[in-house]
Amino acid sequence: SAAAAAAASASGSAASSTGAGRAAAAGSGKQTIYRRFTSKEGLFTAVINRQSERLLDVAQRAETTRANPLEALEESCRSLYDFVLQPDMVRLHRILIAEVGRFPDLGEYVLENCLGPFRDLQKRLLEAAMAKGLVRPMELELAMALLGSLITGWPVQKVMLGCEPFAPPLDRDTYFA
């Protein structure tokens, strides 16, 4: 599968940096991977799309099952936090950072097509929470920038440098309190 092939790339091992290594990790032949993905960028795009769909599904469930927009927003933030700190996502993030110089459109693609729908959902929830007086009103784009920085900024920075953002799970829960 594309996910297995990209996960192999994301693992960073020497064997997985070749087409044969990615194919072996995916349980298919190298030619199958080359036929399906004509470029490394195409492989990255397929994996990013798949992972983005997973994240968006979780957030959409929060939006539809919670009557309170602030509770749904909090759940979507926890989902984003948990999602970006998964080991396979951390590996993918590291690879994207390393490869975006070679594939400049990939960074824009991730921001617009992958994070964009999730961000739009969070923006709707934040706007609804402000309208109901559950959150102090402020300029929406600034609020979204602050929210994104708070939820993923520090934890992602820690994990990208090889550190655990929170040792006991209680600390993680306190982060959201």
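What's counted below: heavy atoms across the whole structure, side chains too, no hydrogens, waters or symmetry copies.
Across every non-hydrogen atom of W154 and P165, the tightest pair is CH2-O, 3.2 Å. I151 approaches C77 most closely through the heavy-atom pair CG2-O, 3.4 Å. The two residues E139 and L142 make their nearest non-hydrogen contact at OE1-N, 2.8 Å. Closest approach of V90 to V84, counting heavy atoms only: CG2-O, 3.6 Å. Residue G107 comes nearest to V100 through the heavy atom pair N-CG2, 3.6 Å, listed as atom of the first residue, atom of the second, then distance. What you find for F118 and S76 is that their closest heavy atoms are CZ-O, 3.4 Å.
Classification of E127 and K123 as a salt-bridged pair fails, no side-chain N sitting under 4.0 Å from a carboxylate O.
Atom CG of L56 sits about 10.0 Å away from atom CZ of F83, to the nearest 0.5 Å. Atom CD of Q51 sits about 7.0 Å away from atom CD of Q86, to the nearest 0.5 Å. From L146, atom CG reaches atom CE of M138 across 5.0 Å, with rounding to the nearest 0.5 Å. Summarising the geometry, atom CD belonging to Q122 is positioned 5.0 Å from atom CE belonging to M144; distances are rounded to the nearest 0.5 Å. Considering CD1 of I97 and CZ of R94, their distance stands at 10.5 Å, rounded to 0.5 Å. To the nearest 0.5 Å, atoms NZ (K132) and CG (N68) are separated by 6.5 Å.
Within the 4.5 Å cutoff, the side chain of L134 has no heavy atoms near those of the L73 side chain. Side-chain contact between V159 and H93 is absent, with no heavy atoms from C-beta onward closer than 4.5 Å. No side-chain heavy atom of S52 sits under 4.5 Å from any side-chain heavy atom of L115.
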### Step-by-step salt bridge (Lys or Arg N to Asp or Glu O under 4.0 Å) determination, R102 to E99
CA-CA 5 Å; R102 288 183 13 189; E99 296 289 345; 3.3 Å; yes
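Hydrophobic clustering (side-chain heavy atoms under 4.5 Å, transitive across Ile, Leu, Val, Met, Phe, Trp, Tyr) keeps M130 apart from L150.
Put simply, the side chain of T64 gets close to the backbone of R61: a donor and an acceptor are under 3.5 Å apart.
Of the listed residues (T65, L121, L55), just one forms a side-chain contact (heavy atoms from CB on, under 4.5 Å) with Q60, and that residue is L121.
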